[in-house]
Chemist: 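To start, I am sharing the structure in question, which I have written as structure tokens.
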Amino acid sequence: MIVRPLRPSDLEQSSKLHRDILSTEFLARGGTRFLRQYHRAWIETADCLALAAVDDQDGIVGVLLGSTSPNRHYRAMLRHHGFGLAFLLLIQALRDPSFGRELVATRTFRYARGALRSLLSGLSDLLTWRRRDRERWEGSGHFGVNDRIGEITHVMVSEEMTGRGIGKALLEQARIAAEQAGLDELVLVTMPELPSQTFYEHLGWRRVGERISRSGEAFVEFRLPLRSPG
Ligand SMILES: CC(C)(COP(=O)(O)OP(=O)(O)OC[C@H]1O[C@@H](n2cnc3c(N)ncnc32)[C@H](O)[C@@H]1OP(=O)(O)O)[C@@H](O)C(=O)NCCC(=O)NCCS
């Protein structure tokens, strides 16, 4: 097994793995088509941390998603892929009414506000030519002190391959990438119902506590200090 960056050719397999392994997660219930596009959006957006663990036949046995600059990554993903992803969620909501009800109850307002902000920001960039300046700034690698925290959002290993060091290898590779990116810390959240909490503690992550997401869901937060050069 090796760990390498997640590629566009992996998306079919990575989205199926996501659907099967994290089946209780809201996004996973958005369907494979949505997940495929979600993974594509993830890897096509700057600052992504997206890794695949593959077997001898280059088949996907594990996936890790995260970001070295979560806010910037989220904003860019929303800007470039937000409407496409929202459309696919809407289709799934029509197919699966219980998913639709949850979408309306927990996310509609937040997603609509995000889309509006993204639209206004795009228009403002167009009018003032701010975009070019900002891209120059963003490409320079000088971010505020608060931006030196990376995030891991998903870790999944295929059921038949658990217990073989794949999850650990994915997290280790993410840690190395985060240190190379000059980050001070990695943060990770997981759903309270998953047994993976002891897994993270076993690998040296510190449990910070329970939180409530902006969509009203409970999750548990873990942190890992990094030893970045400089
Ligand atoms: C949790 C998960 C990522 C672990 O991956 P894995 O490949 O099975 O774990 P590994 O084989 O790499 O285990 C690494 C170490 O952690 C230990 N470990 C594994 N699962 C553990 C658990 N639930 N509790 C405590 N320790 C655990 C292993 O014994 C091993 O210890 P060692 O290095 O001292 O020998 C995987 O089981 C999974 O995908 N679960 C479902 C999805 C999920 O919960 N994802 C996390 C939330 S996003």
Chemist: Over 60° means perpendicular and under 30° means parallel, so classify the ring planes of W42 and H154, tilted if in between.
Modeler: perpendicular
Chemist: Please determine whether a side-chain nitrogen of the Lys or Arg among R227 and E179 lies less than 4.0 Å from a carboxylate oxygen of the Asp or Glu.
Modeler: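 No, no charged N to carboxylate O under 4.0 Å.
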Chemist: A side-chain contact here means heavy atoms from C-beta on lying under 4.5 Å apart; do F34 and Q92 qualify?
Modeler: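 No. Closest side-chain heavy atoms not under 4.5 Å.
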Chemist: Is any side-chain heavy atom of L65 less than 4.5 Å from a side-chain heavy atom of L49?
Modeler: no
Chemist: Going through the checks in order, is the side chain to side chain contact (heavy atoms under 4.5 Å, CB included) test met by L22 and L194?
Modeler: CA-CA 9 Å; L22 294 171; L194 293 177; 4.0 Å; yes
Chemist: Check the pair V63 / H18 against side chain to side chain contact (heavy atoms under 4.5 Å, CB included), numbers first and verdict last.
Modeler: CA-CA 8 Å; V63 168; H18 192 153; over 6 Å; no
Chemist: Is there side-chain contact between I212 and F219, with heavy atoms separated by less than 4.5 Å?
Modeler: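 The answer is no, as the side chains (C-beta and beyond) never meet within the 4.5 Å cut-off.
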Chemist: Report yes if the side chains of P70 and Y74 come closer than 4.5 Å at any heavy-atom pair, otherwise no.
Modeler: no
Chemist: Would you say that L224 contacts R175 through its side chain, given a criterion of any heavy-atom pair below 4.5 Å between the two side chains?
Modeler: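 Yes, close enough: below the 4.5 Å cut-off.
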Chemist: Does this structure show an ion pair linking K16 with E12, if we count only N-O contacts that are shorter than 4.0 Å?
Modeler: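 Answer for the salt bridge query: yes.
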Chemist: Given side chains that start at C-beta, do those of R164 and M1 come closer than 4.5 Å, heavy atoms only?
Modeler: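 No; the side chains remain at least 4.5 Å from each other.
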Chemist: Side chains of L171 and F199, heavy atoms from C-beta outward: is any pair under 4.5 Å?
Modeler: yes
Chemist: Within the supplied structure, the quantity of interest is the number of heavy atoms (other residues, nucleotides, ligands) at a distance under 6.0 Å from R207 CZ; does it exceed 12?
Modeler: yes
Chemist: Between D58 and R4, does any side-chain N to carboxylate O distance fall below 4.0 Å?
Modeler: yes
Chemist: Ignoring hydrogens and geometry beyond distance, is a side-chain donor-acceptor pair present between S15 and T32 at under 3.5 Å?
Modeler: no
Chemist: When rounded to the nearest 0.5 angstrom, what distance separates NE2 in H39 from CG in L17?
Modeler: 8.0 Å
Chemist: Could you tell me if the side chain of L11 sits less than 4.5 Å from the side chain of L35, heavy atoms only?
Modeler: no
Chemist: Between E185 and P225, is there a donor-acceptor pair closer than 3.5 Å when you use the side chain of the first and the backbone of the second?
Modeler: no
Chemist: Give a yes or no on whether V220 and L203 share a hydrophobic cluster (residues Ile, Leu, Val, Met, Phe, Trp, Tyr; joining criterion: side-chain heavy atoms under 4.5 Å apart).
Modeler: yes
Chemist: Could you check whether T45 and D47, counting side-chain N and O atoms only, form a donor-acceptor pair closer than 3.5 Å?
Modeler: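 Checked: D47/T45 side chains show no N/O donor-acceptor pair below 3.5 Å.
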Chemist: Under the 3.5 angstrom rule, does the side chain of D10 hit a backbone N or O of S14 as a donor-acceptor pair?
Modeler: no
Chemist: Hey, are R29 and E102 close enough for a salt bridge, meaning a charged N less than 4.0 Å from a carboxylate O?
Modeler: yes
